[in-house]
Amino acid sequence: MPKTDVLVLGSGIAGLSYALKVAECFPEKKIVILTKSDESESNTKYAQGGIATVINNQGDSYEKHISDTLKAGDGLCNLKVVQAVVEEGPQRLHELINWGINFDKSKLGNYDLGLEGGHSEHRILHFKDITGYEVERKLIIKIKQQQNITLLTSHFAVDLITEHQLKSQKSQQKLNCYGAYVFNQKTQEIVTFKAKCILLATGGIGQVYRNTTNPIIATGDGIAMAYRAKAKISNMEFIQFHPTALAHQFSHGRSFLISEAVRGLGAILKNEQGEAFMHKYDVRKELASRDIVSRAIDNELKISGADFVYLDCMSISKKDFMENFPNIYAQCIDIGIDINKQMIPVTPAAHYLCGGIDVDINGCTSIQHLYACGECAHTGLHGANRLASNSLLEALVFAHRCFKETIKNIEQIENKISIPDWDGENTFETKERILITHNRKELKSIMSDYVGIIRTHERLMRASKRLNVLFEETEDLYQKSKLSTPLFELRNMISTAYLIVEQSMKRVENKGGFYNSDLN
Ligand code: FAD
Ligand code: SIN
């Protein structure tokens, strides 16, 4: 049974920045990072716009960033968390810069700050339109230089180990986390990892929808694991749909994003008739917050019956576009669109989960020794809708806070408990792999058709009924089949979808990114 001091589930910005800090602070402690895919595959890798922070105090201020965040969150943000994230942001950004991560500068040597929807000032630090790639790549380089960190790829965390597995829970007793059962995809075995402190940094859930900007790893595993372990999960109804995903499905299961920063530089949304329409919905037009822009596009699509609207970038010079968005330019050229002569077809896509595993202001979940940060966590920063580019910032600030908690507690944790091995008997190879792939497709259709940008009571009821059937079929398969990553993922996606539907049904007022047309 592998033993470590600290177990980190996930190798995006949240998991990596936490692990680096713990490793640097405690050179004698062992840290294991597990990731189910290759080392860099994550939502982080695809982040484009950048990281929002108040780094220029000529004109910008913490008060303005706080106010913009609260406005986007539509009354549901936790003010203390918003203040902490905004005010600690510059310090966390300087740490990234000291770790070698580059951000674009102007000719005068100041940071070139981008503008995105809902921001009253230019405050987005970015590296071209591949900020996430730069962050992920450099963090992995730093991680590899650290002697006391082991990064294991193709290791799929299946379940957290708490008193439930030990069958020793007394009523009223607070649960503890002792590690995780992990599926080694190379050897096809379940390995038990025992640790004193465990961080969940497993990212988002976009793959429960048909159309998403998230890569295929984003299946809500951490949230489903935490839910099975009885941690508190909330605000799952607040799914952020990004207004402008390229209306072209690539074979790798995600839609390519056209960054909001493109609208920040002057691109205009147009309908099928080539008419601008955002002025009808919000005085901020293209730079209104994402929920407003996505609903406006959804409405235009319902009026016209079209599958997409257009983003007209022709007012931006080729030089400016290529300088700021070389990756977007190249992707458009790849599918035959010259942004100087043609408009880009775009459509909203599931992009970000504002809720997740409840944590307090220090990143502690409701289970002892289990921390969570990044997209899988619900900190209270985003409320009903996340302000653009506040996610990477939140991940950094909360990874730091989880690190602080870890150093405060780790020496007192003994973890001498004996943990049973995974109970995986009576399983056999299923010939019915097609049931897994079909159920995954069906789940995505249910969520896209009934639990999308505009919901109704009836659609939610339908989704709930159909999810119950999928749940029963999948549990039956799970009991009978040989373990496999697609089956683990499907189970987690069903739990995640169930939480989204259930929490949507409980919401009695439309707020931010949540909209049920029966509540008007
Ligand atoms: P991730 O980066 O998603 O990492 C999750 C990790 O967990 C991965 O390593 C994954 O393999 C691993 N994992 C998951 N399940 C398991 C399991 N069962 N076992 C083992 N490992 C597991 N935010 C911004 O602030 N600014 C932006 O410009 C921006 N642009 C974006 C553009 C796109 C296209 C997307 C998709 C998102 C964007 N976001 C942006 C959001 C932001 O990128 C994410 O919210 C953030 O990167 C999440 O980081 P994370 O570390 O929490 O999770
Ligand atoms: C974008 O570049 O539009 C994405 C930014 C974000 O999700 O915060």
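Positions are given from 1, in the same order as the sequence printed here. It should be emphasised that the depicted structure is a prediction, and the values quoted were computed from it without experimental measurement. Numbering of ligands and ligand atoms starts at 1, following listing order.
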*Is the closest basic N to carboxylate O distance between Lys30 and Asp5 below 4.0 Å?*
no

*Which is it for Phe325 and Tyr329 under the ring-ring contact (aromatic ring centres under 6.0 Å, His included) test, yes or no, and what are the steps along the way?*
CA-CA 6 Å; Phe325 312 115; Tyr329 185 85; over 10 Å; no

*asked:* I need the atoms of ligand 2 closer than 4.0 Å to a non-hydrogen atom of His242, numbered in the order shown.
replied: 1 (C), 3 (O), 4 (C)

*Heavy atom under 4.0 Å from ligand 1: found in Ala395's side chain, backbone, both, or neither?*
neither

*Heavy-atom neighbours of Ile333 CD1 exceed 12 at 6.0 Å*: yes

*Cut-off 3.5 Å, side chains only: do Arg228 and Asn492 have a donor facing an acceptor?*
yes

_Test side chain to side chain contact (heavy atoms under 4.5 Å, CB included) applied to Tyr209 and Asn214, Leu443, Ile239, the passing residue_ = Ile239

_Protein contact to atom 31 (C) of ligand 1 [nearest heavy atom, distance to 0.1 Å]_ = Ala47 CA, 3.3 Å

_Counting only heavy atoms closer than 4.0 Å, does ligand 1 sit against the backbone of Ala388, its side chain, both, or neither?_
neither

*For Pro215 and ligand 1, does the shortest N/O to N/O distance drop below 3.5 Å?*
no

*asked:* Please work out, at 4.0 Å between heavy atoms, whether the side chain, the backbone, both, or neither of Glu41 comes within that distance of ligand 1.
replied: backbone

*Where on Leu257 is there a heavy atom closer than 4.0 Å to ligand 2, on the side chain, on the backbone, on both, or on neither?*
side chain

*Can you pull out the closest protein heavy atom to atom 51 (O) of ligand 1? Residue, atom name and distance to 0.1 Å, please.*
Ala14 N, 3.0 Å

*Run down the list Glu375, Glu136, Gln240 and name the one with the heavy atom closest to atom 44 (C) of ligand 1.*
Glu375

*asked:* Does Asn211 form a side-chain contact (heavy atoms from CB on, under 4.5 Å) with Ser448? I'd like the steps, not just the answer.
replied: CA-CA 8 Å; Asn211 194 14; Ser448 306; 5.9 Å; no

_Please work out, at 4.0 Å between heavy atoms, whether the side chain, the backbone, both, or neither of Phe488 comes within that distance of ligand 1._
neither

*Name the closest protein heavy atom to atom 21 (N) of ligand 1, giving the residue it belongs to and the distance to 0.1 Å.*
Lys36 N, 3.1 Å

_Measuring from non-hydrogen atoms of Thr35 to any atom of ligand 1, is the shortest distance under 4.0 Å?_
yes

_For atom 25 (O) of ligand 1, tell me which residue out of Thr485, Leu257, Leu392 has the closest non-hydrogen atom._
Leu392

*What about Ala157: any of its N or O atoms under 3.5 Å from an N or O on ligand 1?*
yes

*Asn43, any N or O under 3.5 Å of ligand 1 N or O*: yes

*Between atom CZ of Arg295 and atom OH of Tyr515, what is the distance when rounded to the nearest 0.5 Å?*
7.0 Å

*For the residue pair Phe103 and Tyr111, categorise the inter-ring angle as parallel (less than 30°), tilted (30 to 60°) or perpendicular (more than 60°).*
perpendicular

*Examine the proximity of ligand 1 to Thr44 and report which part, side chain or backbone, both or neither, has a heavy atom under 4.0 Å away.*
both

*Heavy atom of Glu39 under 4.0 Å from ligand 1?*
no

*Under 3.5 Å between some N or O of ligand 1 and some N or O of Thr213?*
no

*Is Gly50 in contact with ligand 1, taking contact as a heavy-atom separation below 4.0 Å?*
yes

_I'd like to check whether Leu9 has a polar contact with ligand 1, where a contact means an N/O of the residue lying under 3.5 Å from an N/O of the ligand._
no

*Are any of the N or O atoms of Glu260 closer than 3.5 Å to those of ligand 2?*
yes

*ligand 1 to Leu393 polar contact by distance, N or O atoms, under 3.5 Å*: no

*Of Lys142, Arg137, Lys138, Glu136, which meets side chain to side chain contact (heavy atoms under 4.5 Å, CB included) against Ile140?*
Glu136

*May I ask you to identify, for Asn492, whether its side chain, its backbone, both or neither come under 4.0 Å of ligand 1 on a heavy-atom basis?*
neither

*Please state whether Gln240 comes within less than 4.0 angstrom of ligand 2, counting heavy atoms only.*
no

_How far is atom 7 (O) of ligand 1 from the closest protein heavy atom, and which atom is that?_
Gly10 CA, 3.2 Å

*In terms of side-chain heavy atoms, does Ser389 have a donor or acceptor partner in Glu116 at a distance below 3.5 Å?*
yes

*Examine ligand 1 and decide if any of its atoms is less than 4.0 Å from a heavy atom belonging to His351.*
yes

*Calculate, to the nearest 0.5 Å, the distance between atoms OG1 and CD belonging to Thr53 and Glu87 respectively.*
10.5 Å

_Which residue and atom name correspond to the protein heavy atom nearest atom 2 (O) of ligand 2, and how close is it?_
Ser259 OG, 2.7 Å

*With Ile297, the side chain to side chain contact (heavy atoms under 4.5 Å, CB included) member among Ile292, Thr347, Val309*: Val309

*asked:* With a heavy-atom distance limit of 4.0 Å, tell me whether Arg290 approaches ligand 2 through its side chain, its backbone, both, or neither.
replied: side chain

_Are His65 and Tyr62, when compared by the centres of their aromatic rings, separated by less than 6.0 Å?_
no

*Would Ile51 count as a contact of ligand 1 if the rule is a heavy atom under 4.0 Å away?*
no

_Tell me whether Ile258 has any N or O atom under 3.5 angstrom from an N or O of ligand 2._
no

*Nearest to atom 14 (C) of ligand 1, what protein heavy atom do you find, and at what distance?*
Thr202 O, 3.3 Å

*Is it the case that Thr213 and His242 place a side-chain donor and acceptor less than 3.5 Å from each other?*
no

_If the contact criterion is a heavy-atom separation under 4.0 Å, does Ser389 count as touching ligand 1?_
yes

*Identify, by atom number and element, the atoms of ligand 2 in contact range of Ala388, meaning under 4.0 Å from any of its heavy atoms.*
8 (O)

Got a list of side-chain donor-acceptor pairs under 3.5 Å for residues 195-203, not counting sequence neighbours?
unit_1 : atom_1 : unit_2 : atom_2 : d
Thr202 : OG1    : Gly222 : N      : 3.3

*Decide, yes or no, whether a salt bridge links Glu405 with Arg401 under the criterion of side-chain N to carboxylate O below 4.0 Å.*
no

*asked:* I'd like to know whether ligand 1 has Glu260 as a neighbour, heavy-atom separation below 4.0 Å.
replied: no

_Polar proximity ligand 1 side, Tyr46 side, N/O cut 3.5 Å exclusive_ = no

*With side chains defined as the heavy atoms from C-beta onward, is the minimum distance between Tyr310 and Thr244 less than 4.5 Å?*
no

*Ring centres of Tyr352 and His382 under 6.0 Å apart?*
yes

*Can you tell me the protein heavy atom closest to atom 8 (O) of ligand 2 and the distance?*
Ser389 N, 2.6 Å

_Closest to atom 23 (N) of ligand 1 among Glu116, Gln48, Arg386 (heavy-atom distance)_ = Arg386

*For the pair Glu323 and Lys128, find out whether any cationic side-chain nitrogen is under 4.0 Å from an anionic carboxylate oxygen.*
no

*asked:* Side chains of Thr69 and Asn390: any donor to acceptor distance under 3.5 Å?
replied: yes

*Would you call the rings of Tyr498 and Tyr227 parallel, tilted or perpendicular, where under 30° means parallel and over 60° means perpendicular?*
tilted

*Judged by non-hydrogen atoms, does Gly222 sit under 4.0 Å from ligand 1?*
no

